[in-house]
Enquirer: 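Please read through the structure below; I'll follow up with questions.
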Amino acid sequence: MTATAPARRRRSQRGSGEQLRAEIVAAAKMLLAAAVSVDDVSIRAVADAVGVTPPSIYLHFADKDELVAAVVADVFTELDVAMVDAVAKADGPMARLHASGMAYVRFAVSHPEHYRIAAMDPCLRPDVDEMLAMGAFAHFQATVVECVDAGIFVDGDPLPITLDLWAAAHGIASLLIAKPWLPWGDPDVAAERVLCAAALGHASAGLVGDPVTPA
């Protein structure tokens, strides 16, 4: 049986370049979601999925790294929305901090390859890190500042606390993605346990005072 060639996309009308760019990003996003690794997705595969030739991709993206960065940016826009929605439904600073962390972990686990590219593999482009800092990190910091203002966390620079709590969320999300066969039980319960321990650790450290030692 002769393989059927992919259908060619109709020539875009004048001014529809942005539409084609969006279709390219959507196709790459879909292929990456189904891939084991970013290496499994080629420019030719994306072009075939859209119904254009590979040179058409390069009219919008200089190389594969730039295309992948655009996909990650698109996915992290969804993460921003998920975190904002989760926090809006929570009542109180600690509840909002918990909701923000759980939204982050759940999103990462439900978008494993996208998250791996953005936060677990060597950074392809600095603008991906900038997007994380302006989005997810900013949401974490906002809830940490609320907890500081409420007296739950010790008064002072919120940045170290935010970094610690983000490290906890990233750590459990990364392990759930990379080592799903470990005996985690319910992933949500495992994530809640880790995030709770990190948040309560900071709250109790503020009561103990400096220096915090094993004794």
Side-chain angles (χ1 to χ4, degrees), residues 3-86 100 103-141 163 166-167 169-180 187:
T4 303
R8 299 261 53 89
R9 189 179 186 276
R10 288 185 178 181
R11 183 181 295 275
S12 299
Q13 296 178 354
R14 186 180 299 276
S16 63
E18 282 304 309
Q19 179 183 340
L20 176 55
R21 186 185 189 280
E23 290 177 16
I24 292 168
V25 171
K29 181 178 175 183
M30 176 191 68
L31 291 171
L32 284 167
V36 174
S37 163
V38 66
D39 294 334
D40 295 336
V41 178
S42 66
I43 289 290
R44 179 169 293 280
V46 175
D48 287 345
V50 179
V52 297
T53 60
S56 298
I57 306 291
Y58 291 112
L59 292 175
H60 297 272
F61 301 97
D63 51 30
K64 180 178 168 181
D65 285 355
E66 188 172 297
L67 172 56
V68 170
V71 171
V72 173
D74 186 69
V75 171
F76 278 13
T77 299
E78 295 179 29
L79 171 59
D80 283 355
V81 172
M83 293 181 77
V84 169
D85 285 350
S100 185
Y104 181 93
V105 175
R106 286 169 179 152
F107 190 90
V109 171
S110 64
H111 297 76
E113 189 54 33
H114 299 134
Y115 188 78
R116 192 192 308 275
I117 293 165
M120 296 168 66
D121 291 345
C123 185
L124 296 169
R125 292 168 56 87
D127 48 345
V128 172
D129 281 349
E130 289 169 12
M131 173 152 288
L132 267 172
M134 291 186 296
F137 186 85
H139 298 318
F140 274 130
Q141 179 127 308
L163 287 169
W166 190 10
H170 169 70
I172 186 60
S174 300
L175 285 169
L176 288 169
I177 290 169
K179 309 292 181 184

Enquirer: Show the nearest heavy-atom pair for residues Val50 and Ala27, with the distance to one decimal.
Expert: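 That closest heavy-atom pairing would be CG2-CB, 3.5 Å.
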Enquirer: What residues form a side chain to side chain contact (heavy atoms under 4.5 Å, CB included) with Ser42, not counting sequence neighbours?
Expert: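 Partners of Ser42 by the side chain to side chain contact (heavy atoms under 4.5 Å, CB included) criterion, ordered by chain and then number, come out as Arg44, Ala45.
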Enquirer: How close do Ala103 and Leu79 get, heavy atom to heavy atom, and via which atoms?
Expert: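 In terms of heavy atoms, the two residues are closest at O-CD1, 4.4 Å.
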Enquirer: Is any NZ, NE, NH1 or NH2 atom of the basic residue among Glu113 and Arg116 found under 4.0 Å from an Asp or Glu carboxylate oxygen of the other?
Expert: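 Result for this pair is yes, salt bridge flagged.
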Enquirer: Distance from Gln141 atom CD to Leu163 atom CG, nearest 0.5 Å?
Expert: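 Atom-to-atom, Gln141:CD and Leu163:CG are 8.0 Å apart.
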Enquirer: Any chance you could lay out the side chain to side chain contact (heavy atoms under 4.5 Å, CB included) test for Ser174 and Tyr115, step after step, and finish with the verdict?
Expert: CA-CA 8 Å; Ser174 300; Tyr115 188 78; 4.0 Å; yes
Enquirer: Taking His114 as the fixed residue, which of Leu32, Val72, Val38 is the one that meets the side chain to side chain contact (heavy atoms under 4.5 Å, CB included) rule?
Expert: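 The passing option is Leu32.
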Enquirer: Measuring from Leu176:CG to Lys179:NZ, what's the distance to the nearest 0.5 Å?
Expert: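 The NZ atom of Lys179 is 12.5 Å from CG of Leu176, to the nearest 0.5 Å.
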Enquirer: Please enumerate all residues that pass side chain to side chain donor-acceptor pair (under 3.5 Å) together with His111, with sequence neighbours excluded.
Expert: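 So His111 forms no side chain to side chain donor-acceptor pair (under 3.5 Å) with any residue.
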Enquirer: Could you please spell out the steps behind the side chain to side chain contact (heavy atoms under 4.5 Å, CB included) verdict for Phe107 and Val75?
Expert: CA-CA 10 Å; Phe107 190 90; Val75 171; 3.5 Å; yes
Enquirer: For Ala173 and Val109, work out which heavy atoms get closest and say how close.
Expert: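 The answer is O-CG2, 4.4 Å.
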Enquirer: Of all heavy-atom pairs between Val25 and Val71, which one has the smallest distance, and what is that distance?
Expert: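 Looking at all heavy atoms of both residues, the closest pair is O-CG2, 3.8 Å.
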Enquirer: Quick one: does any side-chain atom of His139 pair with a main-chain N or O of Val84 as donor and acceptor, under 3.5 Å?
Expert: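 Checking the backbone N and O of Val84 against the side chain of His139, no donor-acceptor pair under 3.5 Å is found.
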Enquirer: Using every non-hydrogen atom in the two residues, find where Ala119 and His170 come nearest and quote the distance to one decimal.
Expert: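 Residues Ala119 and His170, closest heavy atoms: O-CE1, 3.3 Å.
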Enquirer: Identify, with sequence neighbours excluded, every residue that meets side chain to side chain contact (heavy atoms under 4.5 Å, CB included) alongside Ala169.
Expert: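 Once residues adjacent in sequence are excluded, the partners of Ala169 under the side chain to side chain contact (heavy atoms under 4.5 Å, CB included) criterion are Tyr104, Val105, Phe140, Leu195.
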Enquirer: What's the spacing between Ile24 CD1 and Tyr58 OH if we round to 0.5 Å?
Expert: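 Between atom CD1 of Ile24 and atom OH of Tyr58 there are 11.0 Å.
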Enquirer: Where is the tightest heavy-atom contact between His60 and Ser56, given as atom of each residue plus distance?
Expert: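 Heavy atoms only, the tightest pair is CD2-O, 3.4 Å.
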Enquirer: Which value, rounded to the nearest 0.5 Å, describes the distance between Thr53 atom OG1 and Asp48 atom CG?
Expert: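 Rounded to the nearest 0.5 Å, the OG1-CG separation comes to 10.0 Å.
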Enquirer: Between atom CG of Asp63 and atom CD1 of Ile57, what is the distance when rounded to the nearest 0.5 Å?
Expert: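 The CG atom of Asp63 sits 12.5 Å away from the CD1 atom of Ile57.
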